[in-house]
Amino acid sequence: MWIFLQTIIDAPPVKRPIDEGWIKQIADGDMCALHQLYDAIYTNVYAFAYSLLRNQQDAEDVLQETFVRIHAHAKTYRPQGKPLAWIFTIARHLAQDKCRERAHIQPLEVLPPDDTHQLEHAEHRILLHALLNDLSEEDRQIVILHTAVGMKHREIAEVMNLPLNTVLSRHYRAIKKLRSIAEEEYK
Amino acid sequence: MTTKQCQHQLAIALAEWRPSTSFEDVAHAIQENRDIVSSIPTFPQRHRPVSRWLPLVAAACVIAIIGVGSLLFWRQGGSVPPVVDHVDTLVDIDVNPGIEISVGASDQVVAVEAVNADGRQVLEDLALQQQPLSDAVEVLFREMIEQGYIVGENNPVLVTVENADPSEADRIHGIINDGVDTVLSERNESEKSLSISVTNQTVEAFDAVKQFAHKHGISNGKAAFILSIVEQQPTLEADALADYTFAALAAIAQHQEIPLSELVDYDAEDGLWDLIVDDLVNEVQQAEATLGTSLLTPEKAKHLALEGLHNDWIAENALFVRVELEWKADVPMYRVEFVSLGYLYEYAISAVDGTFENPNSSTTTTGQSGTIRSTLQGGGTRTDIDTPPTKTTTTTTAPTAEGDGISDEQAKAIAFSRLDIEEQEASDIVVSRDRHSRYGDIVWVRFSYRETVYAYHLNKSSGDVLRTFCLSEDTPVEEFNIDEWDALEIALTQAGVQMDECGEQTIMFGVDKNQIPYIEVIFAVRSCSYYYRINGRDGSIITTTTAPLGSNHDAPPSLIVK
């Protein structure tokens, strides 16, 4: 109701895929709630981790460790209506730790074939490839957090410690670039 | 392909791009991890009095809440610890900055987390992890002094130490006190008036305390203090107290005639506030002897401060936090501070003749942690404290209706009156209510009138219009990447003002001749009006106008609503 625009547009507002109450349930030891949370966001966490690490195995490790951390630290979560910000902050820090572990710059990894064959539509593969290979690291994060995760620009700014204006302009430019690449590929 | 289509396709692609890791893998990893988690001791309950007086300029007592246990702990809002280390002791420090220190083996700091905005401000540039606790405490207190959270005399500080071993808890407590002493001894060489009052208290870190702390985002120590107050005075509302500073809580306890000795365990005979009052009486007597004349009493100074407000509602809700005597240009002045309805009021009153010292500087300044400080007519300042109680509003107007504030019908009448129309002329009318941590309790009225959608945010209690939104029904809203709140934040940031400083805000959506969507934001701060046109796609500022109120440039012609 706070978003005036969303109350007006015909399309439904961006769906928040997770229930903040799940985290409380996880804190109480409810593994079903953790499973629900996992099902709701695991693809997003994986994509986000991959966007930072560009390595399938590392991204899978971060995905797993993120949920282990969520389980371990759910008791310390303070409900502020920002569970996604909390979760992706964890994922981001873990990915950064993983980067430091590597201690060297990983060569750019192009999406392996077995990782993309599950995408049925060519346009999806094109967009994903462009997202991972043609955008800067921060732009990739912004696009994933906004487009896939559904986080508000303000929340992204908070998670990434960037000014709101920077997030907005980068997001706009990144989407414009992806559009341009996709349209060129379709020709 | 439109922007929306691009984002939609990308969202589908990302959702279909699945890793091979399954939930079973995660569950297995958690199971493996349980050995570590289960090794964390639980909180046995104990009740042990601890106290000692710090050799401070203004005498005070020491609070240390000795709970028990150790835990693996870090808090949301700060950084995620890179590795999971064992935590032997948890230390909470509440000044108004609330900071929690997890201490591991060899008294090394494992993690430091802020529990409120002021705490985050203090920790912003500090790297305390893996430092000895003694160093970390010194750094923290130096930083709080530097940032102005500890100023002058009698700065109440609540320190909580939780450890399963009582002797270990005492030892940690000693490290903290030594750290405070060290910092004070450094500072007092150049600033003799600085002192910190640390208070000792014994509580049990039982689940209710932790749940209450978790619910309100405060430290366990502060939670325990609040619950102890409410236990003594059940008419007080614990949830409402959660937003007060520790100093204000102590003042509330005094105001409610709850002896601090009932809340804390003392070796000393007197309580914190008794000592402060005794000190003040002594100081006044000394000042009278020096000047050879009688001075106003502290009670008279408090009375004058409230009288100067000319607002009975604020006065009735006032809780005094500080009354001190200080000298300015050989004139004894009372420094009077009280909290009321989410604001901290500060006065400097001559102890000789009761005149108010006029605050210098501009009429409004930004104080510590971004709070807004306003000069009051006739003297004194008012600061919007970071954490106003949820049960109060920031308006100084009495509520227009009992219970939940204005009714839906009243809200609609206010909104329609702004356009000077009757309800029958509008369509799609929606009235809603929202509570927001930053914007407070809002009644929200939305309707369509002459192909334009209007929305009004009204103060739930007073019915004042806080902000107005309007948007033509043919505006292509799908072209906007930012919403009204993004636009408002951008405009306020650009203007360098806080939300609380500006009056009613108007936010309008439109599309220019080049088909670029924009959001216009208009507001006034003091005697100046601000206008921003912001690109609805990327948040960049297209045009901006600032003009004195009352001039012909209050708003560009394009903002005139049909």
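Values below: all heavy atoms of this structure, side chains included; hydrogens, waters and symmetry mates excluded. Since the structure is predicted, the reported quantities are computational estimates derived from the model, not experimental observations.
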Report summary line: Applying a strict 4.5 Å limit to non-hydrogen atoms, the region of Glu24(B) in contact with chain A is side chain

Query raised in the report: Looking at side-chain heavy atoms only, is the closest gap between Met31(A) and Phe23(B) below 4.5 Å?
Result: yes

Query - Distance in Å, Asp538(B) CG paired with Ile175(A) CD1, rounded so as to fall on 0.5 Å steps - result: 13.0 Å

Query raised in the report: Is there side-chain contact between Leu168(A) and Ile490(B), with heavy atoms separated by less than 4.5 Å?
Result: yes

Report task. With sequence neighbours left out, write down each residue that passes side chain to side chain contact (heavy atoms under 4.5 Å, CB included) with Asp25(B), or none if nothing qualifies. Result -> Gln64(A), Thr21(B), Ser22(B)

Query raised in the report: Is there a side-chain contact (heavy atoms from CB on, under 4.5 Å) between Thr43(A) and Leu14(B) once you walk through the steps?
Result: CA-CA 7 Å; Thr43(A) 55; Leu14(B) 288 166; over 6 Å; no

**Report entry** Straight-line distance of His153(A) NE2 to Asp486(B) CG, nearest 0.5 Å
**Finding:** 7.0 Å

Report task. For Leu128(A) and Ala13(B), work out which heavy atoms get closest and say how close. Result -> CD2-O, 4.4 Å

Report task. Give a yes or no on whether the backbone of Pro19(B) and the side-chain of Glu60(A) come within a donor-acceptor separation of less than 3.5 Å. Result -> no

Query raised in the report: Do you know which of Leu34(A), Leu131(A), Val143(A), Val45(A) has the most heavy-atom pairs with chain B at a distance under 4.5 angstrom?
Result: Leu34(A)

Query - Under 4.5 Å from a heavy atom of chain B, the part of His171(A) involved - result: side chain

**Report entry** Between CD1 on residue Ile30(B) and CZ on residue Phe67(A), distance to nearest 0.5 Å
**Finding:** 9.5 Å

Requested in this report: Kindly state each residue pair satisfying salt bridge (charged side-chain N to carboxylate O under 4.0 Å, His left out) with at least one member in residues 20-31 of chain A, sequence neighbours excluded.
Outcome: Lys24(A)-Asp28(A)

